[in-house]
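Working notes, structure below.
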Amino acid sequence: MAVERTLSILKPDATRRNLTGRINAKFEEAGLRIIAQKRLQLSEAQAGAFYAVHKERPFYKDLVAFMTSGPVVVQVLEGDDAVAKNREIMGATNPANAAPGTIRKEFAESIEANSVHGSDSAENAATEIAFFFAGTEIVG
Ligand code: CMP
């Protein structure tokens, strides 16, 4: 098991309902450490660039509108197998399919307003972390 880092985003539906602390507790209880964190209002350009991989998908425009609809909290989580572990803690993208106890099962409103984003591979995690954080902002 390797110590990894992953990029996490608490989405506007989560900040709107004041869920930052309850979601962070889920990460910490599962053994992930929050080694960088900031609250941001994403611009359309930032959200569009972050989700550029989904540019051709039918939900892209709505996704960018949703991600700019309120503050987000961007974070770096560190721990053993952090990428896979975070995906387990988050649960399935669609909350209807998320397992009991997961963040999305407990908190997500819909497939779009699904409370959290997490990197899907170690390679993408490195790119996504660099998108939001300077090295000096990450304190492991
Ligand atoms: P996320 O992990 O942030 O990555 C892309 C996001 O697109 C995803 O979570 C969902 O919130 C959002 N999304 C909206 N509609 C869909 C859809 N039909 N299929 C997959 N993702 C969707």
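First listed ligand is number 1; within each ligand, the first listed atom is number 1. One is the number of the first residue; the rest follow in order along the sequence. All values below come from the heavy atoms of this structure, side chains included, with hydrogens, waters and symmetry mates left out.
Salt-bridge formation is not detected for the pair Lys11/Glu112: no Lys NZ or Arg NE/NH1/NH2 atom is positioned less than 4.0 Å from an Asp or Glu carboxylate oxygen.
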Distances only, to 0.1 Å: what are the N or O pairs between ligand 1 and the protein that fall under 3.5 Å?
from	atom 1	to	atom 2	distance (Å)
ligand 1	2 (O)	His117	ND1	3.2
ligand 1	3 (O)	Lys11	NZ	2.7
ligand 1	3 (O)	Tyr51	OH	2.5
ligand 1	3 (O)	His117	ND1	3.0
ligand 1	9 (O)	Lys11	NZ	3.2
ligand 1	11 (O)	Lys11	NZ	3.1
ligand 1	11 (O)	Ile111	O	2.8
ligand 1	11 (O)	Glu112	O	3.3
ligand 1	11 (O)	Asn114	OD1	3.3
ligand 1	11 (O)	Asn114	ND2	3.3

Stepwise side chain to side chain donor-acceptor pair (under 3.5 Å) test for Thr6 and Asn86
CA-CA 8 Å; Thr6 191; Asn86 185 36; 4.6 Å; no
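When the side chain to side chain contact (heavy atoms under 4.5 Å, CB included) test is applied to Val3, the partners found at least two apart in sequence or on another chain are Glu78, Asp80.
Each of Ser8, Ser119, Ser121 was checked for a side chain to side chain donor-acceptor pair (under 3.5 Å) with Glu128, and the lone residue meeting it is Ser119.
With side-chain heavy atoms closer than 4.5 Å counting as contact, directly or through intermediates, the hydrophobic cluster containing Val74 also holds Leu7, Ile9, Ile35, Leu40, Leu42, Phe50, Tyr51, Phe59, Tyr60, Leu63, Val64, Phe66, Met67, Val72, Val76, Ile129, Phe131, Phe132, Phe133, Ile138.
Within the structure, ring-ring contact (aromatic ring centres under 6.0 Å, His included) contacts touching residues 9-43 (residues at least two apart or in different chains) do not occur.
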